[in-house]
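Structure, as C-alpha cells:
These numbers were taken from a predicted model, which means no experiment stands behind them.
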Amino acid sequence: MNKSADRLQQAVYIFTDLDDSLFQTGRKCPEQTSLFAAAMDRHGQTLSYFTGAQKLLLTLFEQGTVIPVTGRNTTALERVHLRFTNYCVTSHGALILTPEGQPDTAWLIACQARYGDWAERMETASQQINQWIERSRLVLRCRVIEDHDLPVYVSIKGDESDLEQVACYASEIWQGEDVQVHRNGQNMALLPPFASKENAVEFLMRRFTETDAEPLFLGLGDSITDLPFLRLCHYAITPRDSQIQESWG
C-alpha cells in the first residue's frame, strides 16, 4: 500500500450501527436477493444476513476503520461474522471496548459518576414490566442486559403490536434526566444516562482527533436514536425504508 493510501486508512473512521443497518434478520430481507450469513443466534444458527448491496458497502468501508456502535452487548457482538480491529461501542454506548476487547478504562471512569443507583432502578423497572406483562397476558420478554458484569439496560422483546401496548407504561416508570426509551421493530430498550451512543462516539472522536490532524468521520444508522451520533459525523448514511427515512414522511 502506498503512503497516500495508508494515510487515508488512518484518517477515515466509520461509526456504524449493526442490526437493520449493515444486516438484518431473514424476515426483513428483500425477496429474490442474494443473502450471506451475517450473525448467529445463541444456538449457533444463522439469524441475520447481509444483502449483496450491504456486502458491497462493507467493501467500500475497507478504505477506513470500521467501529461498531451497537445495542448488542459483547457476547452478542461476538456472534457477528465481522472482525473489528479497533474500538467497539457496545450496549448502546454503555461500554467502549479497546482493540484488545476489554472495557476502555477512561470511558468507565467517565461514566462512573453516572452509574449511581441505576443498577437497582433497572432491576426494579424489569420487575415492574414483567408484572405488567403477566397481568396483560402478552408474549413479551423483559430482562436486564449485562455487559462485562455491568448492568447496562433493560431489554423488552416481542411483536410490535405487543410492544405498542407496553410502551406507555414503560415510559411512565422510566423517567429521569438523560434517560431514553429506544424502540425499533421488535425491540425496546430502557437506557440509563450512561448508555449513550452519542456520548461514546464523541469520546472516541476526541481521541482520534488527537492522533489524526483532520480525520473524516462517517456514520451509518437506521433508528431515530442513532440520529444524535450521526449528527456528530461529517456525513451520515441511513438505509432505505429505515426508521429514520420513515420519519421523513
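Considering only heavy atoms from C-beta on, Phe23 stays 4.5 Å or farther from Thr51 through its side chain. Looking at heavy atoms from C-beta onward, Asn130 lies out of side-chain contact with Gln127 at the 4.5 angstrom threshold. At least one side-chain heavy atom of Val69 sits less than 4.5 Å from a side-chain heavy atom of Val201.
A donor-acceptor pair under 3.5 Å is absent between the side-chain atoms of Asp159 and the main chain of Ser161, judged by distance alone. With hydrogens and angles disregarded, no donor-acceptor distance shorter than 3.5 Å links the side chain of Gln180 to the backbone of Leu190. Proximity of a side-chain donor or acceptor of Thr238 to a complementary backbone N or O of Gly221 within less than 3.5 Å is detected. Within the 3.5 Å criterion, the main-chain N or O of Arg72 finds a donor-acceptor partner in the side chain of Thr70. Of the possible polar contacts, none joining the Ser136 side chain to the Ile133 backbone as a donor-acceptor pair under 3.5 Å is found. When atom types are taken as modelled, the side chain of Gln243 and the backbone of Ile224 share a donor-acceptor pair closer than 3.5 angstrom. Looking at Ser91, its side chain never comes within 3.5 Å of a backbone N or O of Gly93 through a donor-acceptor pair. Of the possible polar contacts, none joining the Ser126 side chain to the Glu123 backbone as a donor-acceptor pair under 3.5 Å is found. Side chain of Arg79 to main chain of Ala39: no donor-acceptor pair is present (N/O by atom type, distance under 3.5 Å, no hydrogens or angles).
Note on ring orientation: taking the six-membered ring where Trp is involved, the planes of His92 and Tyr153 are perpendicular (angle over 60°, cut-offs 30° and 60°). Ring geometry, Phe217 versus His234: the interplanar angle falls under 30°, so the pair is classed parallel (tilted spans 30 to 60°).
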Margin query: Determine whether Leu22 and Asp17 satisfy the following criterion, side-chain contact (heavy atoms from CB on, under 4.5 Å), listing intermediate values before the conclusion.
Written below: CA-CA 7 Å; Leu22 276 185; Asp17 177 54; over 6 Å; no

Next item on the list: Give the intermediate values and the outcome of side-chain contact (heavy atoms from CB on, under 4.5 Å) for residues Lys157 and Leu140.
Entry: CA-CA 6 Å; Lys157 293 180 178 290; Leu140 292 168; over 6 Å; no

Next item on the list: Carefully, step by step, assess Phe229 and Val89 under the rule side-chain contact (heavy atoms from CB on, under 4.5 Å).
Entry: CA-CA 12 Å; Phe229 92 79; Val89 176; over 6 Å; no

Note to self: As a quick check of understanding, evaluate side-chain contact (heavy atoms from CB on, under 4.5 Å) for Arg207 and Asp104, giving each step before the final call.
What the structure shows: CA-CA 12 Å; Arg207 180 171 288 178; Asp104 185 272; 2.7 Å; yes

Next item on the list: Start with the C-alpha distance between Trp118 and Phe194, add both sets of side-chain angles, then the distance that settles ring-ring contact (aromatic ring centres under 6.0 Å, His included), and finish with yes or no.
Entry: CA-CA 9 Å; Trp118 282 102; Phe194 57 84; 7.5 Å; no

Check: Taking it one step at a time, do Asp20 and Asn184 satisfy side-chain hydrogen bond (donor to acceptor under 3.5 Å, both in side chains)?
Finding: CA-CA 10 Å; Asp20 297 329; Asn184 195 352; 4.8 Å; no

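Arg143 meets the side chain to side chain donor-acceptor pair (under 3.5 Å) test with no other residue; sequence neighbours excluded. Under the salt bridge (charged side-chain N to carboxylate O under 4.0 Å, His left out) criterion, Lys55 pairs with no residue at all, not counting sequence neighbours.
Ring pair Tyr13/Phe208: centre-to-centre distance below 6.0 Å.
Pairing each heavy atom of Tyr49 with each of Thr25, the nearest pair is CD1-C, 4.5 Å. Taking both residues in full, the closest heavy atoms of Leu163 and Gln186 are given as CD1-C, 3.4 Å, listed atom of the first, atom of the second, then distance.
When each of Lys197, Arg183, His182 is checked for a side-chain hydrogen bond (donor to acceptor under 3.5 Å, both in side chains) with Thr225, only His182 meets the rule.
At a cut-off of 3.5 Å, with distance as the only test, a side-chain donor of Glu100 or Thr98 sits close to an acceptor on the other residue. Between the side chains of Ser21 and Asp222, at least one donor N or O sits under 3.5 Å from an acceptor N or O. Side-chain contact, Thr74 with Asp147: a donor N or O sits under 3.5 Å from an acceptor N or O.
Both cation-pi conditions hold for Arg121 and Trp174: the charged atom is under 6.0 angstrom from the six-membered ring centre and inside a 45 degree cone around its axis.
Heavy atoms from other residues, nucleotides or ligands lying under 6.0 Å from OH of Tyr235 number 12 at most. For Arg206, the CZ atom is densely surrounded, since the number of other residues' heavy atoms within 6.0 Å is greater than 12.
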